[in-house]
> 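I have a structure I would like to understand better, so I am pasting it below and will then ask my questions one at a time.
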Amino acid sequence: MLSTMQDVPLLISRILTHGSRVHGESQVTTWTGEAEPHRRSFAEVGDRAAQLAHALRDDLGVRDDDRVATLMWNNAEHTEAYFAIPSMGAVLHTLNLRLPAEQLVWIVNHAADGVVIVNGSLIPMIAPLLGKLPTVRHIVVSGPGDRAPLEGATAAVHEYEDLIAGKPTTYDWPELDERRAAAMCYTSGTTGDPKGVVYSHRSIYLHSMQVNMAQSMGLTDQDTSLVVVPQFHVNAWGLPHATFMTGVNLLMPDRFLQPAPLAEMIEKERPSHAAAVPTIWQGLLGELTARPRDVSSLTQVTIGGSACPPSLMAAFDKLGMRVCHAWGMTETSPLGTVSRPPAHVVGTEQEFAYRLTQGRFPAGVEARLTGPGGERLPWDGESAGELEVRGPWIAGAYYNGPDAEPLRPADKFSEDGWLKTGDVGIISADGFLTLTDRAKDVIKSGGEWISSVELENALMSHPDVAEAAVVAVPDDKWGERPLATVVLREGSAATFETLRTFLAEEGKIAKWQLPERWTVIESVPKTSVGKFDKKVLRRRYADGQLDVTNL
Ligand code: AMP
């Protein structure tokens, strides 16, 4: 028997129409680095998104399924593109502006982007590449920056504001199939070629509702969210879409992502929520310690992308900025788990330990753990295995061109269609995930596993350590052993011996897991989305570039 309910497709255009009408007064504020930020209401964003869609269709010939890329910072125009492109039936492709040139070229060609909307300040990045991007017919430039490098470009060059000026502020958004492609994002690709994940209208819609749940970010129109996580990093964790559902004000940092302007933004614009990877918050913490500011408005900070060090969580708690830890991937839209402790531990000593886990799965994400032999492991808080997930906003394959079958590599998808995350961890009986490592970062020492993350967290809780990354290096006797690479705070007199003793204290780290190999580095190399880039460290070690002390 079929239901008697209406079958209304879950479309991005519906989120836009709702946000710009029902929450028309909410604001997108973009930091400009000048005395005043730029402010635009959701109603204006809605009008301008319609104008952009007209311009893309009528002036640039964008049709169904055409890929329109953005090479942009977080700002109001990027938000307009977020809504206009999928709503008109085309596909938004957010480009990661931190990628090396050759990867960017590979990705644009693989997606066959026809149009690129670029911020003026990023012209020097795209202009020299255009000769290698045969599919790109149009470049649309928005915001300040020298246009000269685009003179003589093979693609037609347009000004964003000129293009949309005078266009109608309404658009008859098509009634699309909700399963159609809305947006795409390539994984940061630590091994092999980057892989394209294509989100549907339906997956983004459902994911946005989850982001808004009280058990996730739970924001309302009384909140302002400082979206530091880039709009090219998994749809800024769903925030632009989710906020248009609920009227949460957006504070967009544009290109001002350094600790000092972030601190200034928080003090002046008083956001109540913020989201970014741990490295951003480590930087802000250093800034706030050196130059205290009024950050009292900021009461909720979503941290994900890599494990939140306990020391960072504790330091933020002291400043009144309560951390909420979350786990996800490009393939999971990204919201996979959020760490909200269960009611019975709130206010007890156990609460902090729960907050440090990666968190609980929402109803839309099913999870299972798989052991090395393919066996299913219990949720007993002890059995460690690879995490596999499935659900309506989890990828089931990778993009392989418009006419080819999507890719389902066996190391990424199980035979029965679950996503193999490559993350190793345990799940407690009450459904909390604790990741112990990336499968490829785990240190396999004499048949036992050592968690690199655990060592890093312990090291970073030492007051003299600014950052620390631990990688596996080959060892004749044990197969692999940990190498500790440490960034010391200015003026620190800590020695490797004192750090090792510190790790051994109070049984923090088992004796056999303590690193023998140590080195001081200037900073931990980061990936294009700000995570520790351990493959660079492994390579430096293999090339003999690190000055290693053996204890
Ligand atoms: P990406 O697709 O670039 O966002 O990377 C996804 C990967 O980041 C995951 O598979 C995890 O290895 C890692 N990751 C994301 N969030 C967390 C977290 N809260 N704790 C530990 N690792 C995380």
Side-chain angles (χ1 to χ4, degrees), residues 94-96 98-99 103 107 184-192 194-199 207 216-217 228-239 275-282 301-310 312-313 323-340 354-361 365 367 369 384-389 393-395 398 411-413 418-427 432-442 451-457 460 469-470 526-535:
T94 50
L95 295 172
N96 180 340
R98 308 236 183 250
L99 284 182
Q103 268 198 46
I107 286 173
M184 64 196 301
C185 185
Y186 281 72
T187 59
S188 29
T190 40
T191 48
K195 297 185 183 64
V197 174
V198 183
Y199 309 102
H207 178 264
S216 298
M217 298 191 201
V228 187
V229 53
Q231 287 187 268
F232 58 74
H233 187 200
V234 217
N235 300 320
W237 298 353
L239 281 163
V277 294
T279 46
I280 292 277
W281 301 124
Q282 290 281 15
V301 175
T302 304
I303 296 191
S306 25
C308 175
L312 181 66
M313 191 177 280
V323 170
C324 184
H325 194 201
W327 164 85
M329 310 170 68
T330 306
E331 288 88 337
T332 64
S333 291
L335 209 130
T337 56
V338 183
S339 192
R340 301 250 179 217
Y354 266 101
R355 288 175 57 209
L356 278 177
T357 71
Q358 269 67 23
R360 249 196 297 214
F361 298 95
V365 180
L369 290 176
E386 182 177 4
L387 172 68
E388 299 184 4
V389 288
W393 57 83
I394 311 290
Y398 295 114
D411 62 332
K412 292 287 185 178
F413 299 97
W418 290 57
L419 173 74
K420 298 181 179 177
T421 64
D423 288 322
V424 174
I426 54 176
I427 303 177
F432 280 81
L433 169 73
T434 301
L435 290 185
T436 45
D437 230 325
R438 283 296 284 166
K440 60 181 187 311
D441 290 337
V442 132
S451 159
S452 63
V453 175
E454 204 177 309
L455 284 169
E456 286 159 6
N457 283 342
M460 286 192 279
V470 178
K526 310 280 179 347
T527 68
S528 60
V529 286
K531 306 183 187 190
F532 287 2
D533 197 342
K534 298 199 186 175
K535 88 181 168 307

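Remember, it's 1-based here, ligands and their atoms both numbered in the order they're listed. Model, not experiment: these values are computed from the prediction.
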> Between ligand 1 and Gly305, is the shortest N or O to N or O distance under 3.5 Å?
yes
> In the structure I gave you, are the side-chain heavy atoms of Leu312 and Gln282 within less than 4.5 Å of one another anywhere?
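Contact flag for Leu312/Gln282 side chains = yes.
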> Do ligand 1 and Ala326 have nitrogen or oxygen atoms that lie under 3.5 Å from each other?
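For ligand 1, there is an N or O atom that lies under 3.5 Å from one belonging to Ala326.
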> When you look at Lys195 and Tyr186, which way does the side-chain contact (heavy atoms from CB on, under 4.5 Å) test go after all the steps?
CA-CA 5 Å; Lys195 297 185 183 64; Tyr186 281 72; 5.7 Å; no
> I need the atoms of ligand 1 closer than 4.0 Å to a non-hydrogen atom of His325, numbered in the order shown.
18 (C), 19 (N), 20 (N)
> Evaluate Gln358 for polar contact with ligand 1, using N/O atom pairs at a separation under 3.5 Å.
yes
> Would you say Tyr199 and Thr330 make side-chain contact, with heavy atoms under 4.5 Å?
yes
> Is the closest side-chain heavy-atom distance between Val229 and Thr302 below 4.5 Å?
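No. Closest side-chain heavy atoms not under 4.5 Å.
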> Under 3.5 Å between any N/O of Ala307 and any N/O of ligand 1: does that happen in this structure?
yes
> Heavy atoms only, cut-off 4.0 Å: how does Asp423 contact ligand 1, side chain, backbone, both, or neither?
side chain
> Specify side chain, backbone, both or neither for Arg438, according to which of its non-hydrogen atoms lie closer than 4.0 Å to ligand 1.
side chain
> Does Ser451 reach the main-chain N or O of Thr436 with its side chain, forming a donor-acceptor pair under 3.5 Å?
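Side chain of Ser451 to backbone of Thr436, a donor-acceptor pair under 3.5 Å: yes, one is there.
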> If you take the nearest heavy atom of each of Ser306, Gly328, Ser528, which one is closest to atom 23 (C) of ligand 1?
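Comparing heavy atoms across Ser306, Gly328, Ser528, the nearest one to atom 23 (C) of ligand 1 lies in Ser306.
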> When you check the side-chain N and O atoms of Ser452 and Asp441, is any donor under 3.5 Å from an acceptor?
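No, no side-chain donor-acceptor pair sits under 3.5 Å.
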